[in-house]
Amino acid sequence: MSLSINQNVPAGLIHIARPRSTRRWAVRPGLLLAGLFVLLLVIAAIQPGWLVAGDPFQAISRAAYSAPGSQYWLGSDENGRDILTRLVYAARPSLVLGVSATAIGLLFGTVFGLAAGLGPRWLDGAVMRLVDVLLAFPDLLLALVVITFFGQGQLNLIIAIGIANVPRYARLVRAQTLVVRGAGYVEAATTLGLPRHSVILRHVLPNAIKPILILATIGIGGNIVNGAALSFLGFGAAPPAPEWGGMLAMGRNYLANAWWLVAWPALAITLTVVSISVIGRELLRRSEGKRS
Amino acid sequence: MTLTTKLARLAAVACVMVLGACKPASEAPRANVTGAGSASHAEDYRETSPGKPGGTLRVSTASDSTTLDVHSISHGNTQWLGRILFDCLVYQDENGNISPWLAKSWDISPDGKTYTFHLRDDVTYSDGEKFNARAVQLNLEHMRDPATKSPLAAAYIAPYVDGRIVDEYTFEAHLREPYSPFLDVLAQSYLSMLSPRQIEHAPKSIAEHPIGTGPFVLESYTRDQGLNFVKRTGYHWAPAVTRHQGEAYLDRLEVSIVPEAMIRFSALESDQSDFTVDAPAQNARAIRNNPDLQMYSRVRKGNPFRSLTFNVEKFPFEDVVVRRAVAKAIDSEGLAWITGFGEYQPKTDLLASNTRYYDPAFKDALRYDVAEANRLLDRAGWTGRDAQGYRVKDGKRLAARVLTYETGAYPSSVAVAIQADLKKVGFDLSIDLIPLAQLTEQRYTGNFQLLGGGYWHTNTADGLYILYHSHSINTPTFIGQNIGSFRDEPLDAALTAARLTTDPVELQKLYSIAQQRLVENVPAVPLYESHVLVAFRNKVKGLMFDTSHNTPIFTAVWLDPEAK
């Protein structure tokens with residue numbers, strides 16, 4: 001999953017270059033469903049009690065591994081907890097992780113990218129070689145390295161995945177900066193005698209970052225997957241905190257007799273990532289439509 | 001106590017913990033079918049009809065014991081691996097009485113401090129060397145040699161002072177004090193008789209190329225992959241209790257190490273393996289429903305699994321009422337279900353039910369009873385409640401941290417289930433999931449309130465001494481298994497007295513007192529029996545179980561080509 005997302009990023013850039021006339025306000029059903037799902041996720045993250053009545057920590061051992069039915073709609077997990085309730089409560093950490101890790105990646109990526117794109121040649125070279133080195137590591141491996149230094153826990157997970165995102169965003173921002181730097185309006189602004197910092201802040205930054213912000217939307221989905229992967233590997237929040245990746249990790253041991261332990265969190269992760277990607281792509285399409 | 005002994009003990013303990021953790025994970029039982037422990041059938045322990053020689057048995061197991069020097073480890077696999085390669089001085093019968101094996105007979109001096117063993121004179125090692133009194137002496141020396149770093153065998157023969165070779169086939173062992181479990185522990189695989197030549201000249205070679213007197217000879221051993229054994233020709237000294245005569249039936253025995261439970265199961269199902277000594281509990285139902293497969297569940301003697309061990313010197317567990325309330329608030333049946341899928345027999349007292357001198361009279365004292373747990377806590381003064389519903393007394397919340405680490409035998413779901421159970425009675429349990437090394441350190445410094453998991457298998461009720469006698473408490477100079485610093489004078493008295501007598505009536509009385517004191521004073525919360533779960537294809541016949549460990553013995557196993 002994360003692989004396909006990663007591939008989508010450069011693919012998205014190609015989309016920008018391809019002019020298309022879109023029916024602007026026609027909403028496709030897929031997009032509508034994706035929007036509804038994300039809305040549901042946001043509600044689950046903000047106020048899970050509106051969606052489910054139960055307590056995600058309420059465990060009845062004797063009812064463990066109950067199949068989906070009238071009592072447990074999606075079945076019960078290895079501790080006899082309601083899987084639906086836990087899925088809903090796990091939305092918050094997942095979304096928070098996806099959004100904040102992306103924000104961290106974006107923030108530092110932008111700083112490095114701008115510095116490389118606008119700074120002196122030696123700085124450009126230094127930053128980009130560093131980025132090349134970091135890009136040589138798969139995201140997850142980089143995040144694992146960071147976790148090894150910072151230790152476990154939800155916050156460190158966010159930082160780790162955020163840092164793992166930095167190289168990619170740095171490279172994108174630099175590329176955009178170089179494009180924008182040569183644009184006519186920047187030259188015009190410089191010619192008009194604007195000081196360098198206001199040219200950067202008023203013209204280069206906003207224009208360079210806009211397409212990247214949209215790509216970052218798609219990146220949120222990828223980060224949720226990475227977060228789930230890391231918590232699957234045991235680097236996430238400690239039990240009994242509900243977490244999709246953690247639920248998957250526990251459930252895989254019982255795959256032969258209780259498929260629902262794995263199926264639902266897997267489905268939740270998939271739907272989340274697909275929905276966010278669909279929305280992100282739509283934004284991409286729109287932005288490109290506006291520009292053309 | 002020397003530093004090396006300390007280290008050896010530390011290593012032993014760590015091993016046992018690792019074991020307790022990783023290996024039982026994959027073993028389980030027949031709990032619901034026979035009521036596990038008590039119902040053991042005599043025919044399980046002996047050959048009922050002669051088998052057909054020939055064939056290769058393919059066995060899978062979950063983990064590698066990392067060495068075949070059985071004196072130097074406490075790994076659970078030793079229990080059955082040792083029986084393949086080696087023999088012991090004595091063997092228990094199905095009732096736990098001591099019967100002859102390599103020792104034909106023995107005399108115990110009236111003061112209980114001198115044991116004279118009369119050995120068989122027709123036993124040889126696979127390299128041709130004779131088994132004799134000197135071999136016994138060298139083996140006992142090897143067990144307690146600090147270089148062996150024995151985690152288990154050395155502790156079991158701790159009262160052994162020295163031995164005397166009376167003649168070639170008579171050996172006299174001198175003990176520091178009377179120690180009635182001496183013969184029992186000598187029947188355990190961990191105290192097998194290794195090759196004296198190896199012990200003397202190349203003790204390091206025992207780990208990978210052991211030479212024994214056993215029914216099979218090691219052909220090859222590849223770490224983490226497997227072991228191959230071939231039949232020992234001329235073997236004819238199986239314990240009389242097993243009623244097996246002559247050589248093993250199988251020509252070859254191939255053991256492969258398969259950590260993934262699903263693969264052990266599917267290999268068995270698809271006839272890529274014939275036998276697994278670590279049948280996964282979650283596949284037990286599928287195995288039983290498969291007409292090509294059979295499954296047996298047995299219980300190890302000694303101490304059952306514990307869900308929690310209290311540090312009785314730390315708040316709030318210095319109060320026995322709180323300990324009892326916690327024990328009664330934990331649904332061990334539910335816990336047995338989440339890890340054992342109906343295969344594990346829940347336990348409410350502290351001695352395995354098939355151990356000799358087990359007394360069932362106390363099994364209700366710690367039974368799951370939430371109402372009673374609440375009453376106990378009220379009575380102990382924990383009557384207030386805070387905003388989150390937890391009990392408070394004098395402004396202090398009823399709370400504790402449990403130290404645990406993630407393993408197959410004690411997955412975090414067990415700790416989570418206990419946490420949820422205790423919350424129902426207003427007890428705030430937090431879970432500290434830490435790496436094993438850190439846990440071991442905190443365990444020995446006594447820096448904990450609660451420890452999760454743990455078990456100690458032995459073939460005698462003296463396992464209680466090892467876990468709960470005040471002499472087994474950790475001190476700066478002694479590393480003991482009584483990690484919660486539990487002390488109870490009547491218990492100490494009973495367990496000490498039991499080591500001094502061999503009279504069964506007296507022993508029953510003493511161990512009954514011990515068991516009663518334990519459920520009344522609750523040093524730990526029992527969880528379920530320590531299960532051995534084996535599964536095999538129908539063509540495997542003649543399986544019998546070890547009277548000491550309840551693990552499979554392959555000497556009389558044969559393959560029936562007609563069975564599917």
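Each chain gets a letter, A, B and so on, in the order its sequence line appears, and its residues count up from 1. In this text the structure is predicted, and so the values were computed from the model without any measurement.
B:Ile338 touches chain A through backbone and side chain together, each having a heavy atom under 4.5 Å away. Only the side chain of B:Gln419 comes within less than 4.5 Å of a heavy atom in chain A; its backbone stays farther off.
Contact count against chain B (heavy-atom pairs under 4.5 Å) is highest for A:Ser61 among A:Ser61, A:Ala59, A:Pro239. Chosen from A:Ala258, A:Gly80, A:Ala64, the residue pairing most often with chain B at heavy-atom distances under 4.5 Å is A:Ala64.
Under a cut-off of 6.0 angstrom, the local environment of NZ in B:Lys363 is sparse, with at most 12 non-hydrogen atoms contributed by other residues, nucleotides or ligands. At most 12 non-hydrogen atoms from other residues, nucleotides or ligands lie less than 6.0 angstrom from CZ of A:Phe108. The number of heavy atoms from other shown groups lying within 6.0 Å of CD (B:Glu260) does not exceed 12.
A tilted orientation is assigned to the rings of B:Phe341 and A:Tyr254, their planes being inclined by 30° to 60°.
When all heavy atoms are compared, the tightest approach of A:Met250 to B:Ser413 is CE-N, 3.7 Å. Closest of all the heavy-atom pairs between B:Tyr368 and A:Arg62 is CD2-NH2, 3.5 Å.
Residues passing the salt bridge (charged side-chain N to carboxylate O under 4.0 Å, His left out) test with B:Asp369, sequence neighbours excluded: none.
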Give the C-alpha distance, both sets of side-chain angles, the deciding distance and a yes or no for side chain to side chain contact (heavy atoms under 4.5 Å, CB included) between B:Arg285 and A:Asn257. CA-CA 9 Å; B:Arg285 187 186 293 178; A:Asn257 26 359; over 6 Å; no
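Between A:Leu255 and B:Met262 the shortest side-chain heavy-atom distance does not fall below 4.5 Å.
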